[in-house]
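Down below is the structure, laid out as structure tokens.
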Number of protein chains: 4
Amino acid sequence: MAKPRSTEKRERIFQAGLRLFSHNGYTKTTIKDIANEAGVSFGTVFTYFQNKEELFNSCVTEPLEEFRDHILTTHETLDSMTYEMFVQLVGRHVDFFLEKEHYLRVVQYVIGQPERFPEMEVLDQFADDFMDFIQSVAKVGMKKGFLPEGNPEEIGYGYLAFLMGARLTFTDHANVQLTNAFKNQALRLFGAGITEG
Amino acid sequence: MAKPRSTEKRERIFQAGLRLFSHNGYTKTTIKDIANEAGVSFGTVFTYFQNKEELFNSCVTEPLEEFRDHILTTHETLDSMTYEMFVQLVGRHVDFFLEKEHYLRVVQYVIGQPERFPEMEVLDQFADDFMDFIQSVAKVGMKKGFLPEGNPEEIGYGYLAFLMGARLTFTDHANVQLTNAFKNQALRLFGAGITEG
Amino acid sequence: MAKPRSTEKRERIFQAGLRLFSHNGYTKTTIKDIANEAGVSFGTVFTYFQNKEELFNSCVTEPLEEFRDHILTTHETLDSMTYEMFVQLVGRHVDFFLEKEHYLRVVQYVIGQPERFPEMEVLDQFADDFMDFIQSVAKVGMKKGFLPEGNPEEIGYGYLAFLMGARLTFTDHANVQLTNAFKNQALRLFGAGITEG
Amino acid sequence: MAKPRSTEKRERIFQAGLRLFSHNGYTKTTIKDIANEAGVSFGTVFTYFQNKEELFNSCVTEPLEEFRDHILTTHETLDSMTYEMFVQLVGRHVDFFLEKEHYLRVVQYVIGQPERFPEMEVLDQFADDFMDFIQSVAKVGMKKGFLPEGNPEEIGYGYLAFLMGARLTFTDHANVQLTNAFKNQALRLFGAGITEG
DNA sequence: GATGAATGAGTGTTCATTCAT
DNA sequence: CATGAATGAACACTCATTCAT
């Protein structure tokens with residue numbers, strides 16, 4: 001039987017890294033901590049990741065795929081979008097960002113030290129893609145009339161900033177109760193929102 | 001005799017700490033780096049700050065005073081506020097947050113690791129004060145009719161999140177050109193904004 | 001059943017060890033390096049040698065047999081030795097030592113750290129045997145008159161020192177062209193040499 | 001009073017390094033060992049040497065100066081050299097090499113791994129200078145008639161090889177008693193020697 | 001027999017902190 | 001007050017060795 005190349009162990013280390021890097025930052029997080037958290041021995045971390053930096057690098061870049069899947073798509077084509085679908089999309093975005101606290105803190109860590117981390121480029125690309133997508137959504141909404149006129153580019157920038165800030169400015173407890181508040185405020189960035197009701 | 005409270009040297013060390021902590025995080029920043037940046041000798045840092053942690057602590061809490069002055073006040077009383085004054089206030093907020101990149105990155109660093117840093121409480125208090133102030137502003141705007149109806153508490157949370165995100169999500173270059181975009185989007189969180197015009 | 005004593009694989013590992021130990025010293029040489037050089041897998045090394053030390057030990061002691069065969073013998077009996085045979089013997093010694101660079105570096109490594117390596121004793125014994133042999137040769141030469149009078153013991157020590165130094169003091173390139181020089185100088189240690197011609 | 005920039009401590013570390021590197025080789029020697037041997041704390045080594053490699057580098061290159069002083073000079077000019085002075089010079093060489101066991105083992109360590117250590121070049125240069133000097137001595141001796149004809153270049157190579165081998169092939173005890181033997185054999189490399197008497 | 005994942009002792013190095021000058 | 005030599009705890013990383021497959 002083929003060696004299963006135990007991906008399960010790699011995954012445990014990866015998740016432990018994500019959790020600890022987001023709690024303590026890159027430097028404060030030690031390999032030993034990660035090994036303990038993952039329930040493997042010290043040296044095993046180096047079996048799956050060449051060094052600390054590579055592990056960190058993986059923690060930054062790999063989850064982007066999941067983000068792409070959940071965030072840069074509607075269930076249908078953009079052209080057939082209705083206001084209800086739009087509201088759902090925004091809700092999905094807020095939920096997803098709020099849920100990804102660990103990951104977003106790592107991202108924030110990289111953004112703050114762009115010269116230090118080369119992963120920055122991949123993140124920039126993702127941000128651009130995300131804002132392009134939001135612009136398209138805004139344009140469709142305006143064309144179809146369920147959104148008031150506005151500058152799509154500004155909406156893109158503001159929307160991404162808001163989602164990041166929503167997750168990073170508050171610690172866990174507060175946020176859970178605030179999901180709805182953030183969803184309503186997110187809609188307002190498009191010129192929509194509760195006041196429409 | 002008490003230690004000197006405010007020499008020019010202390011200030012230089014403090015500013016150097018602020019800059020380096022925000023660039024490199026707490027752990028990566030060394031006392032030696034700070035001393036070099038401040039143009040003082042290695043041991044002198046310990047003349048003005050008991051240890052690294054106390055210096056960091058100062059970097060987090062001291063600038064809050066300036067924030068209070070610039071952010072939690074209008075030039076007149078709230079009751080006499082007009083729409084133009086409101087727009088100016090929001091503009092001032094955006095400008096001020098965008099300007100304080102270094103400091104906000106340090107703040108973010110603390111927020112992400114609340115168990116590790118006791119400064120968190122002071123920051124929480126400030127956030128509460130800020131959101132209270134914003135709620136009052138929103139209520140006045142609604143009462144006076146220059147803002148549509150909305151939930152003041154939600155506006156407060158959303159507004160703070162947005163300001164933080166605006167500054168922390170993008171690196172310098174992008175931001176300079178985006179000031180107006182952020183001002184417009186900030187107004188929309190109150191239900192106002194360019195599209196109203 | 002006993003472990004296999006002499007597979008082709010064992011020989012490959014052995015030769016790789018000899019080469020790498022002489023290039024990099026004991027500590028710098030890793031088992032993984034040896035395995036790669038030998039074209040076998042990592043763990044296979046441990047099939048043929050109990051541990052790193054035993055492999056090193058083998059690298060020091062096993063080649064001594066070949067040395068004995070080539071170095072401690074004349075083709076005829078000592079008593080029938082002529083000057084021509086003596087010159088040939090010395091030439092053979094120089095050639096052989098110059099050729100065995102890898103091995104001699106390992107030997108030198110052991111000599112320099114006698115407390116650390118128990119192989120030292122075997123080497124000492126060999127050195128004694130070699131010097132005894134040289135003394136006999138010198139005595140015969142003097143008795144037969146083709147060598148001037150001299151102290152045979154001193155000749156033995158000097159000759160071995162010279163052969164080791166010739167190989168270990170210069171790196172490869174130089175040596176190739178110097179074979180004759182070393183042969184001539186080796187003869188001079190016996191009081192013979194080109195100037196006699 | 002000026003800070004004495006405690007050179008004494010640096011010297012202690014340096015000597016400890018020399019001793020231990022020659023006993024154990026580069027890799028086996030630990031900074032901790034050196035610190036203990038020098039009677040300083042662990043971190044102090046790094047106050048005087050940037051890292052292990054620089055310390056080793058110093059151990060190889062710095063003593064060369066002393067070698068130059070003792071080895072590459074006669075007390076008078078070469079032209080006025082007599083046979084007695086020549087014998088004394090050779091005796092001085094043998095004494096000096098035999099005395100410098102530690103250093104020569106380190107040198108040997110570097111020679112054996114030329115790709116690994118850049119110090120090699122300095123050593124090569126020194127070897128060339130030494131052999132040039134020996135050639136000049138040999139030429140003078142032949143010209144003045146106290147040495148038989150011979151190839152000065154070959155003598156240079158052989159002489160250096162012999163001096164190195166004399167020191168590196170035998171461990172301490174043996175050598176002390178052999179000084180005279182080595183001096184006599186060294187003279188023979190020039191075609192001179194006791195048998196001449 | 002052959003393999004290589006898992007382990008953890010041991011290494012070089014960094015850096016906050018102390019303290020004598 | 002200012003300095004920087006001295007210290008040693010703590011870290012990332014290497015590698016010989018074991019052992020399940």
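Sequence lines set the chain letters: A, B, ... in the order given, protein chains first and strands last, and positions in each chain run from 1.
The phosphate of E/dA5 (OP1 or OP2) has no side-chain N or O of A/Y48 nearer than 4.0 angstrom. OP1 or OP2 of E/dA6 has at least one side-chain nitrogen or oxygen of A/K9 nearer than 4.0 Å. Look at B/K32 and you won't find any side-chain N or O under 4.0 angstrom from OP1 or OP2 of E/dC15. Between C/T44 and the phosphate of E/dA2, there is no side-chain N or O to OP1/OP2 separation shorter than 4.0 Å.
Atom CZ of B/R12 and atom P of F/dA2 are 10 Å apart (whole Å). With rounding to whole Å, A/I31 atom CD1 is found 15 Å from E/dT7 atom P. Regarding A/F42, its CZ atom lies at a distance of 18 Å from the P atom of E/dA5, rounded to whole Å. If you measure from atom CG of D/L55 to atom P of E/dT11, you get 16 Å, rounded to the nearest angstrom. Taking atom CG of residue C/N36 and atom C1' of nucleotide E/dG4, one finds them 12 Å apart after rounding to whole Å. Remark: C1' of F/dC1 and CD of B/E8 are 15 Å apart, rounded to the nearest angstrom. In this structure, the CD1 atom of D/I34 is 16 Å from the P atom of F/dT7, given to the nearest Å. Computed from coordinates, the A/F49 CZ to E/dA5 P distance equals 14 Å when rounded to whole Å.
Although no hydrogens or angles enter the test, the distance criterion places a donor-acceptor pair under 3.5 Å between the side chain of A/T29 and the main chain of A/L20. Between the side chain of A/Y26 and the backbone N or O of A/F21 there is no donor-acceptor pair closer than 3.5 Å.
Under the 3.5 Å distance criterion, with hydrogens and angles disregarded, no donor-acceptor pair is assigned to the side chains of D/Q125 and D/E121.
Each of C/N51 and B/S41 was matched to the nucleotide of DNA chain F holding its nearest heavy atom; the match closer to the 5' end belongs to B/S41. Of the two residues contacting DNA chain E, namely D/T30 and B/K52, the nearest-nucleotide position lying further toward the 5' end is that of D/T30. Mapping D/G43 and C/V40 onto DNA chain E via the closest heavy atom, the residue that lands nearer the 5' end is C/V40.
In this structure, C/E62 pairs ionically with C/R10, as a charged nitrogen and a carboxylate oxygen lie closer than 4.0 Å.
Set against F/dA12, E/dT13, E/dA16, the side chain of D/F46 has E/dT13 as its closest nucleotide. Looking at the side chain of D/T47, the nearest of the listed nucleotides E/dT17, F/dT7, E/dT11 is F/dT7.
Under the Watson-Crick or G-U wobble criterion, with both distances below 3.5 Å, E/dA20 is paired with F/dT3. Pair assignment for F/dA12: E/dT11, on the basis of Watson-Crick or G-U wobble contacts that are both within less than 3.5 Å.
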- Assess whether salt bridge (Lys or Arg N to Asp or Glu O under 4.0 Å) is satisfied between C/R12 and C/E37, documenting all intermediate values. CA-CA 9 Å; C/R12 288 220 310 272; C/E37 180 96 356; over 6 Å; no
- Show your working on side-chain contact (heavy atoms from CB on, under 4.5 Å) between D/V45 and D/K52 and close with a plain yes or no. CA-CA 9 Å; D/V45 175; D/K52 189 182 179 181; over 6 Å; no
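Side-chain contact between B/F67 and B/Y103 is present, with heavy atoms from C-beta onward closer than 4.5 Å.
Summarising the local packing, CD of B/E54 is surrounded by more than 12 heavy atoms from other residues, nucleotides or ligands at distances under 6.0 Å.
Of the residues in residues 22-29 of chain B, B/T29 come within less than 4.0 Å of DNA chain E through at least one heavy atom, sorted by number.
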